[in-house]
Enquirer: 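Structure provided below as structure tokens; questions to follow.
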Amino acid sequence: MKIVKCIKENYLLFAILLLGAVLRFYKLDFQSIWLDEIHTMIECNPKITYKESYDITAFREQMPHLYFLSIKLFSTIFGHTTFVVRMFSAIIGILSVFSIYLLGREIKNPKTGIIAALLLSINYFHIWYSQEARPYALFALMAILSFYRLIIFIKKNNLKTAILYGLFAALMIDTHFFGLFILVSQVAILFFFLMDLPQKARISFLKYSLFSALTIIILWLPSLKIFLTVMKIKSFWIQPPSLEVYTQLFKEFFGNSEAIMLFVFLITAFYFIKLFNQKKKPGTSVSQNQMLFSFVVLSLWISITLFIPLVRSYLDVPMIISRYFIAVLPALIMILSIGVSQIRTQLVQKAILGFLVIASLTDIIIIKDYYGKVSKTQFREITESILKRNKNKEKVVSSFGWLMSYFLNEDDTNTALLQAPSGNNITVECSLQDYINQMKNKTIPMESFWYMDGNSKPYKLESEDEAFLNENFTLDVSVEMFDVWTKHYVSKTIQSKENQGKFFEIKNFQPINVNEKGEVCMFENSTIKSPSIYLETGNYSLKINAKSLPNPPINNENAHLIIKLGDKEIGNIYLSEKENERDKFISFVNSVNQHCKITLTYDNDLTISDLDRNLIIYSIELEKK
């Protein structure tokens, strides 16, 4: 009954939260995860330890760990899928809608909070990042809650309010280092209201502010190590800011919709007109005037958070990119909400809100076709296409090889993410240009491979490299999807004697057990496979140099090998225990051009007393007759 009563009393807020939930959960997994989201999926994999997640995040990200460890815990409970990880952001987005209601209610009145919740629930920018497996929705939530607790602390400073403000401020900077700029704005706000207090009240205010500071410092210590690492960065992928960088930023906040921006401008202007008419009564503090109070808080929130990164971008390292400033969006929403709440004519007020709702939903659903149009790089779809075709598990080369391992590698535990890929990995991180150069220099085999790239990286090669590929490979698959492409190059020459001598070696078979001399030993019944090779039609000879152990044979029988080409058996042999009879030859006919693997199966392991039948393979050669 209490729940029903609560819903009836707050039906507008519940309706807004429901609207926000629909907009954030609908087609949550429609878009493929993009590069940064793949980082999240790899780094937060529950199959690796928390220490490994911490180390990988510290190595690969320039962010604190709160979001990533939260995702790891969330995935451990609900499953590690893109839907689940994005669901975390969607839930956080809905909590942000409720939290901005609390902020609006505290900074002015419940009506302002309702308007703020409505505007944030339909905001395109916020919806986008509430459907993304990255920390930005959480960053916005913590910024809102930290200002909510800051305002309560300013109005009623005591130990409880001080610690609660410090807690949420710490969580904010533990989510994203741009929170430090917001923290500076909050310090400026605290200093302003400290000076606005009567002199007798300042000592108490300052004392409790120090409790807030102590809470923030203690809770931020786990992020200090990575922060010091980030401070050493002297170059970054972000481009230097243009003269219109913040103009474009504000447009992005509202979906680059001219109709919405027009009303944003008009409402903001109205807010300042009402602000300019405010008068501070003698003997009163700024906190006693809602409009002046909101101006101090919101203006410092916005201006300082924008000013410091701008200066640092020109003097040190460029750092301005719209998503980093998502924590400024709630301040702009609050200005609009207060502006709308100041409209005394209810008809006009409702008409403006109605227009903003209709315009926003029309822009999202119809104009942008947000839920139907592909807008993120289709890494998921392109890798699914490769997996369906790549039956021989040939190498997949990409400039994003480490990230593509999330989709392509058999070993999905990613336990060696800071080192070289494990034996099950088929991905190679390398540009197409560098990969071609390695083949030219004969440092890697000239074998069939896939190449994929994307994220604004088109297919582009010099004419001589294009000629090299045409001479040595056949392009048999070329697939293009949104912002991503892949090509399959089939080797024309891998079966040559020169290449077989260098690349078709027993040491390249998998999995193998190698002794100190580099010889392959098989101690029990098992199978090893060669790398994928391309064979043209014709007659071939396979030479296996191997030896059976022990000497003499057990029960007059030596080690037995079955040899297959792909799934077809092409021979079976008993190895000799004698040094001068190690070479065994198998002749076979390949009737169709194909990619395939040579498989060796040892199938008669036997142990009697202290005798154990084993075998050693010294070399293997394949030659076309």
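The figures here come from the full heavy-atom set of this structure, side chains too, leaving out hydrogens, waters and symmetry mates.
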Enquirer: Mind checking the OG1-OH spacing from Thr57 to Tyr50? Nearest 0.5 Å is all I need.
Expert: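 With rounding to 0.5 Å, OG1 (Thr57) is 12.0 Å from OH (Tyr50).
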Enquirer: Are Asp36 and Arg323 ion-paired here, with the side-chain N under 4.0 Å from a carboxylate O?
Expert: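 A salt bridge links Asp36 with Arg323.
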Enquirer: Does a donor on one side chain and an acceptor on the other come within less than 3.5 Å for Asn572 and His560?
Expert: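 There is such a pair between these side chains.
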Enquirer: A side-chain contact here means heavy atoms from C-beta on lying under 4.5 Å apart; do Lys440 and Asp465 qualify?
Expert: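 Yes, at least one pair of side-chain atoms sits under 4.5 Å.
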Enquirer: What pair of heavy atoms forms the shortest contact from Arg613 to Pro550, and how long is it?
Expert: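 The pair with the smallest heavy-atom distance is CA-CD, 4.1 Å.
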Enquirer: Would you find a donor on one side and an acceptor on the other, under 3.5 Å apart, between the side chain of Glu519 and the backbone of Ile616?
Expert: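 Checked: no pair found.
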Enquirer: Does Glu579 have more than 12 heavy atoms from other residues, nucleotides or ligands lying within 6.0 Å of its CD?
Expert: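 Yes, enclosed.
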Enquirer: Salt bridge check, Asp29 against Arg380: does any charged N sit closer than 4.0 Å to a carboxylate O?
Expert: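 Answer for the salt bridge query: yes.
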Enquirer: Test your reading of the model: is there a side-chain donor-acceptor pair from Trp485 to the backbone of Ile382, 3.5 Å cut-off?
Expert: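 Not confirmed, Trp485 side chain does not pair with Ile382 backbone.
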Enquirer: Are Val84 and Ile77 close enough that some pair of their side-chain heavy atoms sits under 4.5 Å apart?
Expert: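 No; the side chains remain at least 4.5 Å from each other.
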Enquirer: Looking only at side chains, do Glu429 and Ser398 share a donor and an acceptor under 3.5 Å apart?
Expert: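 Their side chains do not contain a donor-acceptor pair, so the 3.5 Å distance test is not met.
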Enquirer: Supply the atom-to-atom distance Asn551 CG to Leu611 CG, rounded to the nearest 0.5 angstrom.
Expert: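 Going from the CG atom of Asn551 to the CG atom of Leu611 covers 11.0 Å.
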Enquirer: Using every non-hydrogen atom in the two residues, find where Ser576 and Lys584 come nearest and quote the distance to one decimal.
Expert: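 Minimum heavy-atom separation between Ser576 and Lys584: N-CE, 4.1 Å.
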Enquirer: Taking Lys72 for its side chain and Asn45 for its backbone only, find out whether a donor-acceptor pair lies under 3.5 Å.
Expert: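 Checking the backbone N and O of Asn45 against the side chain of Lys72, a donor-acceptor pair under 3.5 Å is found.
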Enquirer: Mark yes or no for whether Asn441, through its side chain, and Thr443, through its backbone, hold a donor-acceptor pair below 3.5 Å.
Expert: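 Between the backbone of Thr443 and the side chain of Asn441 there is no qualifying donor-acceptor contact (under 3.5 Å).
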Enquirer: Any side-chain donor-acceptor pair under 3.5 Å between Thr40 and Arg134?
Expert: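 Arg134 and Thr40 do have a side-chain donor-acceptor pair below 3.5 Å.
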Enquirer: Strictly distance-based, threshold 3.5 Å: is any side-chain N or O of Gln31 a donor or acceptor partner for the main-chain N or O of Lys373?
Expert: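 Here the side-chain-to-backbone pair exists.
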Enquirer: Aromatic rings His176 and Phe178: how do their planes relate, parallel, tilted or perpendicular, breaks at 30° and 60°?
Expert: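 Rings of His176 and Phe178: perpendicular, as their planes differ by over 60°.
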Enquirer: Looking at Ser89 and Glu132, would you say the former's side chain and the latter's main chain have a donor-acceptor pair under 3.5 Å?
Expert: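 It does hold such a pair.
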Enquirer: Counting only heavy atoms not in Asp567, do more than 12 sit closer than 6.0 Å to its CG atom?
Expert: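 Open: at most 12 neighbouring heavy atoms sit under 6.0 Å from CG of Asp567.
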Enquirer: Which value, rounded to the nearest 0.5 Å, describes the distance between Met404 atom CE and Phe407 atom CZ?
Expert: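 Interatomic distance, Met404 CE to Phe407 CZ, rounded to 0.5 Å: 5.5 Å.
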Enquirer: Verify the neighbour count for atom OH of Tyr26: are there more than 12 heavy atoms of other residues, nucleotides or ligands below 6.0 Å?
Expert: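 Open.
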Enquirer: Are the side chain of Thr486 and the backbone N or O of Tyr451 linked by a donor-acceptor pair below 3.5 Å?
Expert: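 Such a contact is found between Thr486 side chain and Tyr451 backbone.
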Enquirer: Looking just at side-chain N and O atoms, do Asn604 and Glu557 make a donor-acceptor pair shorter than 3.5 Å?
Expert: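 The criterion, which ignores hydrogens and geometry beyond distance, is satisfied for Glu557 and Asn604.
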Enquirer: Taking it one step at a time, do Val85 and Phe74 satisfy side-chain contact (heavy atoms from CB on, under 4.5 Å)?
Expert: CA-CA 8 Å; Val85 176; Phe74 195 76; over 6 Å; no
Enquirer: Between Asn390 and Val396, does a side-chain contact (heavy atoms from CB on, under 4.5 Å) hold up when you go through it step by step?
Expert: CA-CA 9 Å; Asn390 192 17; Val396 182; 4.0 Å; yes
Enquirer: Is the backbone of Leu408 close enough, under 3.5 Å, to the side chain of Thr383 for a donor and an acceptor to pair up by distance?
Expert: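 Judged by distance alone, no pair lies under 3.5 Å.
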Enquirer: Is the backbone N or O of Trp450 less than 3.5 Å from a side-chain atom of His488, with the two atoms forming a donor-acceptor pair by type?
Expert: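 Checking the backbone N and O of Trp450 against the side chain of His488, no donor-acceptor pair under 3.5 Å is found.
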Enquirer: Can you find a side-chain donor-acceptor pair between Ser32 and Lys376 that sits under 3.5 Å?
Expert: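 Side-chain D/A pair, Ser32 to Lys376: absent.
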Enquirer: Would you say the side chain of Met41 lies within less than 4.5 Å of the side chain of Thr82, judging by non-hydrogen atoms?
Expert: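 Yes, side chains in contact.
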Enquirer: Rounded to the nearest 0.5 Å, how far does CG of Asn472 lie from CE of Met446?
Expert: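 So the gap between those two atoms works out to 4.5 Å.
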Enquirer: If you take all heavy atoms of Val397 and Cys430, which pair is closest and at what distance?
Expert: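 It is CG1-O, 3.5 Å.
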Enquirer: Check the pair His65 / Ile226 against side-chain contact (heavy atoms from CB on, under 4.5 Å), numbers first and verdict last.
Expert: CA-CA 9 Å; His65 294 82; Ile226 189 170; 4.1 Å; yes
Enquirer: Would you indicate whether the side-chain heavy atoms of Tyr540 and Ser587 approach each other to under 4.5 Å?
Expert: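 Counting from C-beta outward, Ser587 and Tyr540 never come under 4.5 Å.
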Enquirer: Quick one: does Thr229's side chain have a donor or acceptor within less than 3.5 Å of a partner on Lys225's backbone?
Expert: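 Confirmed, Thr229 side chain pairs with Lys225 backbone.
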Enquirer: Measure the acute angle between the ring planes of Tyr489 and Phe473, then classify it against the limits of 30° and 60° as parallel, tilted or perpendicular.
Expert: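 Taking Phe473 first and then Tyr489, their aromatic rings stand perpendicular (interplane angle over 60°).
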Enquirer: Kindly say whether the aromatic ring centers of Tyr129 and Phe125 come within a distance under 6.0 Å.
Expert: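 Ring-ring flag for Tyr129/Phe125: true, centres closer than 6.0 Å.
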Enquirer: Under 3.5 Å, is there a donor-acceptor pair between the Gln131 and Tyr370 side chains?
Expert: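 Per modelled atom types, Gln131 and Tyr370 side chains form a pair under 3.5 Å.
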Enquirer: Measure the spacing between CE of Met522 and CG of Asp605 and express it to the nearest 0.5 Å.
Expert: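 So the CE of Met522 and the CG of Asp605 are separated by 10.0 Å.
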Enquirer: Is it true that Lys457 and Asp483 make a salt bridge, defined as a side-chain N closer than 4.0 Å to a carboxylate O?
Expert: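 So Lys457 does not pair with Asp483 through a salt bridge.
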Enquirer: Would you please say whether a donor-acceptor pair under 3.5 Å links the side chains of Thr537 and Asn590?
Expert: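 There is no such pair between these side chains.
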Enquirer: Do Thr601 and Thr527 get their side chains close enough for a donor-acceptor pair, meaning under 3.5 Å?
Expert: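 Yes, Thr527 and Thr601 have a side-chain donor paired with an acceptor closer than 3.5 Å.
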Enquirer: Could you tell me whether the side chain of Asp453 reaches within less than 4.5 Å of the side chain of Leu432, counting heavy atoms only?
Expert: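 Answer no - side chains too far apart.
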Enquirer: Do His39 and Trp34 have ring centres separated by under 6.0 Å?
Expert: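 Centroid distance His39-Trp34: not below 6.0 Å, so no.
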Enquirer: Do you know which two heavy atoms are closest between Phe523 and Cys521, and how far apart they sit?
Expert: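 Closest pair (atom of Phe523, atom of Cys521, distance): CZ-CB, 3.5 Å.
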Enquirer: Begin with the C-alpha distance, continue with both residues' side-chain angles, and end with the deciding distance and a verdict on side-chain contact (heavy atoms from CB on, under 4.5 Å) for Tyr435 and Ile444.
Expert: CA-CA 8 Å; Tyr435 198 73; Ile444 60 172; 3.4 Å; yes
Enquirer: Within the 4.5 Å heavy-atom criterion, are Tyr136 and Thr175 side-chain neighbours or not?
Expert: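 No, their side chains stay 4.5 Å or more apart.
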Enquirer: Leu469 and Leu461: which non-hydrogen atoms are nearest, and at how many Å?
Expert: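 Heavy-atom minimum between the residues: CD1-CD1, 3.5 Å.
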Enquirer: Measure the shortest side-chain to side-chain distance between Asp583 and Lys543 over non-hydrogen atoms and say whether it is less than 4.5 angstrom.
Expert: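 Of all side-chain heavy-atom pairs linking Lys543 with Asp583, at least one is under 4.5 Å.
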Enquirer: Considering non-hydrogen atoms only, spot the tightest contact between Leu542 and Leu622 and give its length.
Expert: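 Between these two residues, the closest heavy atoms are CD1-CD1, 4.1 Å.
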Enquirer: Distance under 6.0 Å and angle within 45° of the ring axis: does Lys487 meet both against Tyr459?
Expert: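 Cation-pi check for Lys487 and Tyr459: passes.
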Enquirer: So if I apply the side chain to side chain contact (heavy atoms under 4.5 Å, CB included) rule between Phe379 and each of Glu37, Met452, Glu384, which one comes out positive?
Expert: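 Passing option: Met452.
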Enquirer: Verify the distance criterion only: is there a donor paired with an acceptor across the side chains of Ser548 and Glu577 at less than 3.5 Å?
Expert: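 No donor-acceptor contact under 3.5 Å links the two side chains.
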Enquirer: Are side-chain heavy atoms of Phe449 and Val490 found at a separation under 4.5 Å?
Expert: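 They are not in side-chain contact.
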